[in-house]
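Reminder, nothing fancy here: chain letters follow the sequence lines and each chain counts from 1.
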There are 4 protein chains.
Amino acid sequence: MSGANLSASSASRRAGRGRIDKRHAILDAAFVVFAREGYGKASVDAIADEAGVAKPTLYNHFGGKEDLFREAMAATAEQATAKSLAVVAGLASDVEDLSGVLADVGYRLLLCHSSDEAWALRRLLYAEISRFPELFDKVWGHGPNQLSEALADRLARLALAGRLRLTDPVRAAEQFVALLTGPLEGRTVLGTRTVSDDELRATVAAAVGTFISAFAVAVE
Amino acid sequence: MSGANLSASSASRRAGRGRIDKRHAILDAAFVVFAREGYGKASVDAIADEAGVAKPTLYNHFGGKEDLFREAMAATAEQATAKSLAVVAGLASDVEDLSGVLADVGYRLLLCHSSDEAWALRRLLYAEISRFPELFDKVWGHGPNQLSEALADRLARLALAGRLRLTDPVRAAEQFVALLTGPLEGRTVLGTRTVSDDELRATVAAAVGTFISAFAVAVE
Amino acid sequence: MSGANLSASSASRRAGRGRIDKRHAILDAAFVVFAREGYGKASVDAIADEAGVAKPTLYNHFGGKEDLFREAMAATAEQATAKSLAVVAGLASDVEDLSGVLADVGYRLLLCHSSDEAWALRRLLYAEISRFPELFDKVWGHGPNQLSEALADRLARLALAGRLRLTDPVRAAEQFVALLTGPLEGRTVLGTRTVSDDELRATVAAAVGTFISAFAVAVE
Amino acid sequence: MSGANLSASSASRRAGRGRIDKRHAILDAAFVVFAREGYGKASVDAIADEAGVAKPTLYNHFGGKEDLFREAMAATAEQATAKSLAVVAGLASDVEDLSGVLADVGYRLLLCHSSDEAWALRRLLYAEISRFPELFDKVWGHGPNQLSEALADRLARLALAGRLRLTDPVRAAEQFVALLTGPLEGRTVLGTRTVSDDELRATVAAAVGTFISAFAVAVE
DNA sequence: GATGAATGAGGTTTCATTCAT
DNA sequence: AATGAATGAAACCTCATTCAT
C-alpha cells in the first residue's frame, strides 16, 4: 500500500521487444505520472520521459493529454475491477462458516481497495470528475459499483439459501462495502499511510460482525 | 446540491465596506475557483477576478497559490465541520424513540455531507493529499474524523444508558457514518448528481436499520 | 575591504532622533541595496525595509527609483571623492624623500580605491553608465578624474621644484593612478576578494618604482 | 567604438540555413541585449525577439536567463581574448626598434580593449560579478589576465635578450597594460564616448614612453 | 509627513502541441 | 512510425507606483 509498486514495469519499456506494446508502455507511464502529479500538474513531457518515448510518438498514439488520461484511467480501472470481481466470484452460497467466508472475502476486497493503484484511481477520479464526467462509469461503475452489483447477486443467493435476511440485496452489498472501506479512509489518511495487517483484519472483523448481526439468520 | 450556490456572495465584495473583509472575499473566491477547476488548473488570475481584486493584492494577503489553497481549504473546512458537529451535539442520550432520533441525526448529517462545499472539499482533499498532506488534519481530522469522535461520545453515552450494546464506540461511530455516506458515493456520482430527498431518506433508513439491528438493545 | 562595513549605520535609523535625517537613512539604505543587488534587481521594497521606512515615505523624499539611484550614487561618491582628495592634498612639493612620500600617498590612495564603497560605486557606475550617463561626472569626474586633476597640480609643483621631469602633468597623474590601481583590478577580482596588506604595499612599491624611474630627476 | 556594430549580423538569422546556428543566433542576440540593457533589465522576450526565435526555443537551448548570460558572456569573451592574444603573439624578442614595436603592440591592444564588445564585456562583468562570480575566470582570467601572462612571457624574453631590465615580468606586463588602458577609462567615459585615433595614439605613446624610461636598457 | 493596502504592467518560466525530418 | 526542435499561449509571481487614511 505504500507507493513503491506504482512504477510502471520497466522491463517491457526498456526491452525493444517490438512496438506493439509501446502503446502499453505509454499508458502505464501516463498512469504513473498522473497518479504522482495529478492531471493538471502532470506534464506530457514527464509522461513521455517515463515511457521512454518521444512526445510526438505519444501524440501519434493518442489524441492529446485528455484522451491519454481517459485511456490510462480506463486501462488501470479495468485491471483493478477484474481483481475485485474475482474476489466476489469466490463467494459461494453453500458455505458452512458464513462469518468466516465473509471475513475472507472482505479481507481480500479490502486488499484490492487498498492497493496503490486503487487509491490512485479513486484520487484521480475524485479530482477530475467534473472535467471528465464520463470517467465515472469506466472507473467506478465498472469498479465498486459493478462490485456492488456482483456482490448483491451473491448475497441474494445467500438469502435464497436461508442464510441472510435481506429486502434489498444491492443496498446490503453497498452497506457491506461501506462497512469495510469507510472506516479505513480516515485511518489510512486517504491511502497515503500504511495500516498494519492487524488493523486491516480488525476492520474486516468489525464490518463482518455488524453485517452478520444485522442480516444473518440465526442458526438454531 | 447542484453547484449553483457555490458562487461567493458578491454583496460584500461589491460594497467597499472596508478592507477588513477583502481577505474573506479572496478566500471565498479561491475556494469557488479551486472547486470548479481543481488546484492544478485553477489560475490565480481567475481567483483574483472572482474575488474582484488585483492579483498583487492576493499575493499581499497570502504567500502564493499554495498558501492560498491551504487557507481556503481550512476556512471552508472549518465551516463544514462546525455544521456537522452541531448536528451531533443534538443527539441526546435520554431519547425515547432511538431509531427516530438516529434517523433524524443521520439525515441531517447526510445533508451536511451532501452539500456542494462538502463534496468540493472532499474532492480537493482527495486530489491534492499528496501535494498537501497536512491538509488532511485540517479538513478531515477536523471533519468527519472529529465527527467520528464526537459521535462516538454520544454513542458511548447511549451505551451507558443501556440503549446500545457497544464494545468500541469509535468503531461504531465510523460504521454509522460509513453506512450513511458510503452508499451515496456511487449514487450521487461523487456528488456531481443530485439525488432525490426520498432516496436520501431511504439511505438513512437503511443505515439506521442496519445499525439498530446490529447494536440496539432489544426493548422488552 | 571585505564587505561587512557596507551596512548602513542602523543607529541613526533606529533612533527616532527626528526626521531630518530620514532622508539620509534612505540614501544610505539605497546605496547598500543597490550595491548588493544592482540597480535592475534592487527593489524599492528592499530599500524601504533597509531604511526602516514605508515605501510612500521614500517616494515623498525622492521622485522614484531612478532619482533615488542618482542621489544615492552622488551622495556616496561625494564622500569617496573627499577622502581621495584629502590624501592628495597631503602631497607637498618640498619633500625630502620623494619615493617615500609618493609611496605613502599611493598607499593611502589605494586604500580609498579598495574600500567597499569605492568598488560598489565603480561597479554600479560601470553597470548603469548607459542608463545614467550623467552619473559619470558625479562619480568619476568628481572622483578619480577630479583626483587626476588634483594630483596633476601637485605633480606640476614637484616638476617646478625640479624633482620631476614632466611634459604633461595630467598624463603623469593618470599614469600614476593607473600604475597603482590597474594591477589590483585582476588581483582583487574586481574588488570581490581581499588582498593582503603586503600585496597592497608591493603594488604601491612597484608603481612608485616605475613612476620614479620614468619621471624623477636624478639627484646628484 | 560607438555602439552601432553591436547588432548581431542578421543575415544568418534571417536565412533558415538550419538549426545548427540557432544557438549561435541566440548567444549573439543575448549579448547584444545584455550589453544594451544590463543583466537585470534585459528581458528574455527582448533577447528572443532580437534572435528571431520564440522564447521556449531559447529555454530549450539554455537553462534559463542565468545560464544564457553565462554562456553569452563566455562566448563573447573567448573571441575578445583570442584577438588580444593574437596581438601579443606578434611581439617578437629580436626587434630593432623596441619603442616602435611596443607602440605598435600597444596600439593594437588598445584597439581590442576599446571595441564595443570589450567594453560591454567589462561593464557586464563589473556589474554582475557578485551574482556571477565564476564569470571572472571566463572573462577576465581568460582575458586581460591571460593577457598579462602572455605579455609577461614576451617581456621576459626581451629581458633575456638584454633589452629590458625586469625583476618581475608579470608585474611589468600588468603595468604596461595599466599604462595603456588606465588613462583611457576616464577619457572614453567608460567606453561610452569615442576618442579620436590621435588621442589613442598619444596615450600609447605616453604609455610606451613611460614604460621604456622605466624598463629599457639604455643602448650605447 | 507617514503609512498600510492596492494595482497595472511586465518579469521568467512552462505547457500542450505541431512541424520537418 | 518515430523524433528533435520549435512555438503560441498562459502560468505564477514581482515590481514601481499610487491612494485613502
Side-chain angles (χ1 to χ4, degrees), chain A residues 16 18-20 22-23 26 40-48 51-69, chain B residues 16 18-20 22-23 26 37 40-48 51-68, chain C residues 16 18-20 22-23 26 39-48 51-69, chain D residues 16 18-20 22-23 26 40-48 51-68:
Chain A
R19 54 200 58 104
I20 167 170
K22 195 156 272 190
R23 182 187 174 89
I26 294 174
K41 287 264 185 185
S43 82
V44 178
D45 264 294
I47 296 172
V53 302
K55 247 186 304 184
T57 303
L58 192 151
Y59 277 89
N60 284 341
H61 281 266
F62 304 92
K65 196 186 182 186
E66 300 201 354
D67 274 0
L68 182 53
F69 183 63
Chain B
R19 53 192 62 109
I20 168 169
K22 202 155 264 192
R23 182 188 175 92
I26 294 174
E37 309 281 347
K41 286 265 186 184
S43 84
V44 178
D45 268 290
I47 295 172
V53 302
K55 237 184 315 180
T57 301
L58 192 150
Y59 279 92
N60 282 344
H61 281 267
F62 305 92
K65 196 187 181 185
E66 299 202 354
D67 274 0
L68 180 53
Chain C
R19 53 200 58 104
I20 167 170
K22 197 156 270 192
R23 182 187 174 89
I26 294 174
Y39 175 76
K41 288 264 185 184
S43 83
V44 177
D45 264 294
I47 295 171
V53 303
K55 246 185 306 182
T57 302
L58 191 150
Y59 277 89
N60 284 342
H61 282 264
F62 304 92
K65 195 187 181 185
E66 300 202 354
D67 274 1
L68 181 53
F69 183 64
Chain D
R19 51 192 64 105
I20 169 169
K22 201 154 265 191
R23 181 187 174 91
I26 294 173
K41 286 266 185 183
S43 84
V44 177
D45 266 294
I47 296 172
V53 302
K55 244 186 306 182
T57 301
L58 192 151
Y59 278 91
N60 283 344
H61 281 267
F62 305 92
K65 197 187 180 186
E66 298 201 354
D67 273 0
L68 181 53

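Here D/Thr57 reaches the OP1 or OP2 of F/dT7: one of its side-chain N or O atoms lies under 4.0 Å away.
In this structure, A/Asp67 CG and A/Leu58 CG are separated by 11.0 Å, a value rounded to the nearest 0.5 Å.
Rounded to whole angstrom, the span from the CG atom of A/Leu58 across to the P atom of F/dT3 amounts to 11 Å. Atoms CZ (C/Phe62) and C1' (E/dG1) sit 14 Å apart, rounded to a whole Å. When the C1' atom of F/dA16 is taken as reference, atom CZ of C/Phe69 falls 16 Å away, rounded to whole Å. F/dA10 atom C1' lies 14 Å from atom CD of B/Glu37, rounded to whole Å. Between the P atom of F/dT14 and the CG atom of B/Asn60 lies a distance of 10 Å, rounded to the nearest Å. Computed from coordinates, the B/Ile47 CD1 to F/dA11 P distance equals 11 Å when rounded to whole Å.
D/Ala48 and D/Ala54 get closest at one heavy-atom pair: CB-C, 4.2 Å.
Taking C/Tyr39 as the reference, C/Phe34, C/Lys65, C/Glu66, C/Phe69, C/Glu128, C/Arg131, C/Phe132, D/Lys41 meet the side chain to side chain contact (heavy atoms under 4.5 Å, CB included) condition, with sequence neighbours excluded. Partners of A/Phe62 by side chain to side chain contact (heavy atoms under 4.5 Å, CB included), not counting sequence neighbours, listed by chain and number: A/Arg23, A/Ile26, A/Leu27, A/Leu68, A/Glu71. Not counting sequence neighbours, the partners of A/Asp45 by the side chain to side chain contact (heavy atoms under 4.5 Å, CB included) test are A/Ser43, A/Lys55. With sequence neighbours excluded, no residue forms a side-chain hydrogen bond (donor to acceptor under 3.5 Å, both in side chains) with C/Asn60.
Looking at DNA chain F, the stems built from 3 or more consecutive Watson-Crick or G-U wobble pairs, each pair with its key distances under 3.5 Å, are E:2-21 with F:2-21.
When the nucleotides F/dA2, F/dT7, F/dT3 are ranked by their closest atom to the side chain of A/His61, F/dA2 comes out on top.
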Determine, for nucleotides 12-17 of chain E in 5'-to-3' order, which nucleotides have protein heavy atoms under 4.0 Å from the base (write B), from only the sugar-phosphate (write S), or from neither (write -).
-> BBBBSB
